[in-house]
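The structure appears below as structure tokens.
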Amino acid sequence: QVQLVESGGGLVQAGGSLRLSCAASGRTFSGYTMGWFRQAPGKEREFVGYITWSSGMGSTNYADSVKGRFTISRDSAKNTVYLQMNSLKPEDTAAYYCAADPARRLSRSALSYDYWGQGTQVTVSS
């Protein structure tokens, strides 16, 4: 059974940093596109970024709202993807989810992702 488990969320002051982790298990995720999304109360789930999971470093893509502040990376040996978040703002407050797309569609749409974690809460205070 495929499992994605996020961790690393918490409360941080504006301008601070957090690193989220997404540990994948149940099958090999080699070649999958791994995405990060977030959802604030009363809002739709929003694309944050993705990384391709292939040989080499993989390529990334980010939403404009986080570009230059957030960085996605992965450790293939650990089957883990990371979301490093710097210069956090109160508007970054949301539940953050990782997701996996086995079809490697390089998509910003949540509909393209088949597997999801349970989410981890990030709260940024002003």
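Since we're looking at a predicted model, the values are computed, not measured.
L4 and W116 are members of different hydrophobic clusters when ILVMFWY side chains are connected at heavy-atom separations under 4.5 Å. Hydrophobic clustering, with ILVMFWY side chains joined whenever heavy atoms are under 4.5 angstrom apart, groups Y32 together with W36. Follow the hydrophobic side-chain contacts under 4.5 Å out from F47 and you never reach L83; the two are in separate clusters.
Side chain of S65 to main chain of A63: no donor-acceptor pair is present (N/O by atom type, distance under 3.5 Å, no hydrogens or angles). Put simply, the side chain of Q13 never gets that close to the backbone of V124: no donor and acceptor are under 3.5 Å apart. Counting only distance, with no hydrogens or angles, the side chain of Y62 and the backbone of I72 share a donor-acceptor pair below 3.5 Å. Side-chain N or O atoms of T120 include one that pairs as donor or acceptor with a backbone N or O of G9 at under 3.5 Å.
With sequence neighbours excluded, the residues forming a side chain to side chain contact (heavy atoms under 4.5 Å, CB included) with S109 are S107, L111, S112, listed by chain and number. A search for side chain to side chain contact (heavy atoms under 4.5 Å, CB included) contacts involving V2 returns R27, F29, Y115, not counting sequence neighbours. When the side chain to side chain contact (heavy atoms under 4.5 Å, CB included) test is applied to S87, the partners found at least two apart in sequence or on another chain are R69. Taking R38 as the reference, E46, D92 meet the salt bridge (Lys or Arg N to Asp or Glu O under 4.0 Å) condition, with sequence neighbours excluded. With sequence neighbours left out, S25 forms a side chain to side chain contact (heavy atoms under 4.5 Å, CB included) with Q3. Listed by chain and residue number, F37 satisfy the ring pair (Phe, Tyr, Trp, His ring centres under 6.0 Å) test with Y113 (two or more places apart in sequence, or in another chain). Listed by chain and residue number, nothing satisfies the side chain to side chain donor-acceptor pair (under 3.5 Å) test with R19 (two or more places apart in sequence, or in another chain). Shown here are the side chain to side chain donor-acceptor pair (under 3.5 Å) partners of Q84, two or more places apart in sequence or in another chain: N86. Under the rule for a salt bridge (Lys or Arg N to Asp or Glu O under 4.0 Å), the partners of K67 that lie at least two apart in sequence or sit in another chain are D64.
Taking CZ of R104 as the start and OG1 of T52 as the end, the distance is 10.0 Å to the nearest 0.5 Å. Rounding to the nearest 0.5 Å gives a distance of 12.5 Å between CG of L20 and OG1 of T80. To the nearest 0.5 Å, atom OG of residue S126 and atom CD of residue E91 are 10.0 Å apart. Residue L106 holds its CG atom at 8.5 Å from CG of N61, rounded to the nearest 0.5 Å.
Smallest separation of non-hydrogen atoms from Q118 and V5: OE1-CA, 3.7 Å. The two residues G117 and E6 make their nearest non-hydrogen contact at CA-OE2, 3.2 Å.
T33 has its side chain out of reach of I51: every pair of non-hydrogen atoms, C-beta onward, lies at least 4.5 Å apart. Side chains of V12 and T123 form no contact here, defined as non-hydrogen atoms less than 4.5 Å apart.
Counting only residues at least two apart or in different chains, disulfide (SG to SG under 2.5 Å) contacts with residues 76-126 comprise C22-C98. For the ring-ring contact (aromatic ring centres under 6.0 Å, His included) condition, no pair includes a residue of residues 68-103, sequence neighbours left out.
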